[in-house]
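Have a look at the structure below before the remarks.
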Amino acid sequence: MYPFSFHQTTNVAQSVSLKKEHTEAKYIAGGQSLIGVMKLRLDKPSQLINLGSIPELSGICVEGKTITIGAMTRHAQVAASKDVKACIPGLAQLAGLIADRMVRNMGTIGGSVANNDPSADYPAGLLGLNATIITNQREIKADDFFKGMFETALEASELIQSIRFTAPIKSAYAKFKHPASRYAVVGVFVAQFADEVRVAVTGAGSSVFRLTEVEKALSSNFSAQALEAVHISADGLNSDFFADSTYRAHLIKLMAIQAVNQAK
Ligand SMILES: Cc1cc2nc3c(=O)[nH]c(=O)nc-3n(C[C@H](O)[C@H](O)[C@H](O)COP(=O)(O)OP(=O)(O)OC[C@H]3O[C@@H](n4cnc5c(N)ncnc54)[C@H](O)[C@@H]3O)c2cc1C
């Protein structure tokens with residue numbers, strides 16, 4: 001590892017001000033993606049701004065059907081939360097399927113969402129649940145947030161403070177994981193609301209995306225049977241050593257069926 005300065009901050013305003021002052025600086029949350037990137041010399045920030053000691057960024061708050069999760073909330077906390085399990089079982093399930101115990105104890109929802117790895121799990125949860133990303137300067141709907149591979153709508157110094165969800169009627173996440181990294185080869189999040197069904201896919205494209213043909217089929221009949229006749233095209237899907245695009249298309253349908261069967 002090469003030298004860098006480490007800033008310990010205690011509030012959001014101080015972190016944002018430091019980031020504006022040092023344009024090449026990076027926020028660090030759980031470090032589970034950023035440290036690996038730095039070790040591989042894919043990024044070389046000279047300053048790290050630690051978000052780990054800012055109390056206002058952590059925690060889970062429920063108000064009626066609205067649940068707000070602080071950006072620094074660890075995957076393990078979301079997976080174990082009684083509130084998340086009660087309001088959005090699919091989201092707790094998703095958090096519990098991320099990586100291994102060590103990564104889940106360190107990694108954060110804000111870090112995962114800001115990173116937007118094309119195989120990460122949370123982006124599918126946020127897009128499937130029509131979540132709102134709350135930053136230090138605005139609110140961004142998930143539909144407008146995930147722009148492409150490792151690309152989001154965040155501006156240079158913008159900091160994610162929390163994510164707001166509305167509890168659906170039913171939700172579930174099904175993931176076919178890579179056996180070594182446990183990232184999604186394909187992951188499908190399904191959420192049924194009173195007025196719509198949303199289905200989001202991770203691992204299969206350059207970024208998370210919605211599956212409109214499956215949403216349409218499930219909107220009139222929320223059951224696995226409704227998906228029998230649906231054809232998932234392999235066009236434009238990822239193809240690599242582990243899974244070609246045809247296999248990923250097959251997995252999308254299988255994971256969608258699994259998610260619908262598990263939804264509660
Ligand atoms: C072995 C291994 C296996 C993994 N498997 C999975 C998996 O199965 N599924 C999965 O989804 N993920 C997986 N991950 C990634 C893991 O979930 C990370 O926790 C996550 O991607 C990043 O979160 P973090 O808190 O560690 O962020 P960091 O690594 O600290 O930061 C990541 C990026 O986000 C930026 N950032 C962080 N917080 C904020 C914020 N609040 N506002 C703005 N920008 C911010 C940072 O500047 C950095 O660019 C795995 C990681 C490892 C090491």
Side-chain angles (χ1 to χ4, degrees), residues 4 6-7 9 11-12 15-16 18-20 22-40 42-54 56-59 69-79 91 93-127 133-138 140 145-146 149-163 173-187 189 200-203 207-208:
F4 54 83
F6 192 80
H7 299 272
T9 56
N11 61 62
V12 168
S15 301
V16 173
L18 267 169
K19 182 87 162 72
K20 284 185 174 156
H22 306 283
T23 47
E24 76 298 352
K26 283 264 170 157
Y27 296 126
I28 183 160
Q32 296 303 295
S33 294
L34 185 56
I35 299 292
V37 162
M38 288 169 69
K39 279 182 173 170
L40 291 168
L42 296 171
D43 200 354
K44 202 179 169 185
S46 59
Q47 324 262 336
L48 292 183
I49 303 164
N50 185 26
L51 306 179
S53 43
I54 304 180
E56 67 202 81
L57 293 181
S58 280
I69 303 181
M72 280 303 297
T73 310
R74 315 281 170 176
H75 308 329
Q77 291 173 292
V78 175
L91 192 65
Q93 181 195 18
L94 174 151
L97 288 171
I98 295 175
D100 52 38
R101 194 171 288 218
M102 196 212 80
V103 173
R104 288 197 294 277
N105 277 318
M106 292 301 294
T108 67
I109 188 168
S112 174
V113 169
N115 200 44
N116 193 21
D117 187 301
S119 299
D121 300 298
Y122 269 126
L126 267 68
L127 194 59
I133 294 96
I134 301 167
T135 77
N136 61 308
Q137 46 190 79
R138 59 188 165 143
I140 312 168
F145 184 84
F146 301 105
M149 190 181 288
F150 297 106
E151 244 191 275
T152 68
L154 288 175
E155 288 169 9
S157 309
E158 202 166 0
L159 189 151
I160 300 175
Q161 297 191 159
S162 59
I163 321 284
Y173 180 61
K175 167 176 172 178
F176 189 89
K177 60 188 177 197
H178 185 285
S181 71
R182 302 185 193 177
Y183 272 102
V185 175
V186 166
F189 196 97
V201 180
T202 188
S207 182
V208 63

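One-based numbering, in listed order, for ligands and for the atoms of each. FYI, side chains are in, hydrogens and waters are out, and symmetry mates aren't considered; it's all heavy atoms of this structure.
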Could you identify the single nearest non-hydrogen protein atom to [atom] and state the distance to 0.1 Å?
atom                    : result
atom 20 (C) of ligand 1 : S33 OG, 3.5 Å
atom 12 (N) of ligand 1 : Y183 CE2, 3.4 Å
atom 48 (C) of ligand 1 : Y27 O, 4.1 Å
atom 25 (O) of ligand 1 : T108 OG1, 2.6 Å
atom 33 (C) of ligand 1 : N115 OD1, 3.9 Å
atom 17 (O) of ligand 1 : H75 NE2, 2.9 Å
atom 26 (O) of ligand 1 : Q32 N, 2.7 Å
atom 27 (O) of ligand 1 : G111 CA, 3.5 Å

What part of [X], side chain, backbone, both or neither, has a heavy atom within less than 4.0 angstrom of ligand 1?
X    : answer
S181 : backbone
K175 : side chain
L51  : side chain

Taking only heavy atoms of [X], which atoms of ligand 1 are found under 4.0 Å from at least one of them?
X    : answer
V103 : 2 (C), 16 (C), 50 (C), 51 (C), 52 (C), 53 (C)
R182 : 7 (C), 8 (O)
D121 : 7 (C), 8 (O), 9 (N), 10 (C), 11 (O)
A99  : 3 (C), 4 (C), 5 (N), 6 (C), 7 (C), 8 (O)
A114 : 34 (O), 35 (C), 36 (N), 43 (C), 44 (N), 45 (C)
A29  : 25 (O), 27 (O), 30 (O), 37 (C), 38 (N)
I28  : 30 (O)
E158 : 43 (C)

>> Quick check for you: to the nearest 0.5 Å, what is the distance between D117 atom CG and S33 atom OG?
In response: 6.5 Å
Using modelled atom types and a 3.5 Å cut-off, is there a donor and acceptor pairing between side-chain atoms of [X] and backbone atoms of [Y]?
X    : Y    : answer
S207 : F150 : no
K175 : R182 : yes
N136 : L159 : yes
S53  : T9   : yes

Closest approach of [X] to [Y] (non-hydrogen atoms, all atoms of both residues):
X    : Y    : answer
I109 : G70  : CG2-O, 3.4 Å
V113 : F146 : O-CE2, 4.0 Å
S119 : Y183 : O-CD2, 3.5 Å
K19  : A156 : NZ-O, 3.1 Å

Can you check whether [X] has an N/O within less than 3.5 Å of an N/O in ligand 1?
X    : answer
I160 : yes
D100 : no
A120 : no
S119 : no
I35  : no
Y122 : no
G30  : yes

> Where do T108 and L57 land on the side-chain contact (heavy atoms from CB on, under 4.5 Å) test, with the steps shown first?
Replying inline: CA-CA 10 Å; T108 67; L57 293 181; over 6 Å; no
Are any of the side-chain heavy atoms of [X] and [Y] separated by less than 4.5 Å?
X    : Y    : value
I160 : Y27  : no
L126 : F145 : no
L91  : I69  : yes

>> Going by side-chain contact (heavy atoms from CB on, under 4.5 Å), K26 matches just one of I49, V37, D43. Which one?
In response: D43
>> Could you work out, for atom 23 (O) of ligand 1, the closest of S112, S15, P45 by heavy-atom distance?
In response: S112
>> Could you walk me through whether L48 and M38 satisfy the side-chain contact (heavy atoms from CB on, under 4.5 Å) test, starting with their C-alpha distance in whole Å, then the side-chain angles of each, then the deciding distance to 0.1 Å, before giving a yes or no?
In response: CA-CA 11 Å; L48 292 183; M38 288 169 69; 4.1 Å; yes
> Can you check side-chain contact (heavy atoms from CB on, under 4.5 Å) on Y122 and V78, steps first, answer last?
Replying inline: CA-CA 11 Å; Y122 269 126; V78 175; 3.4 Å; yes
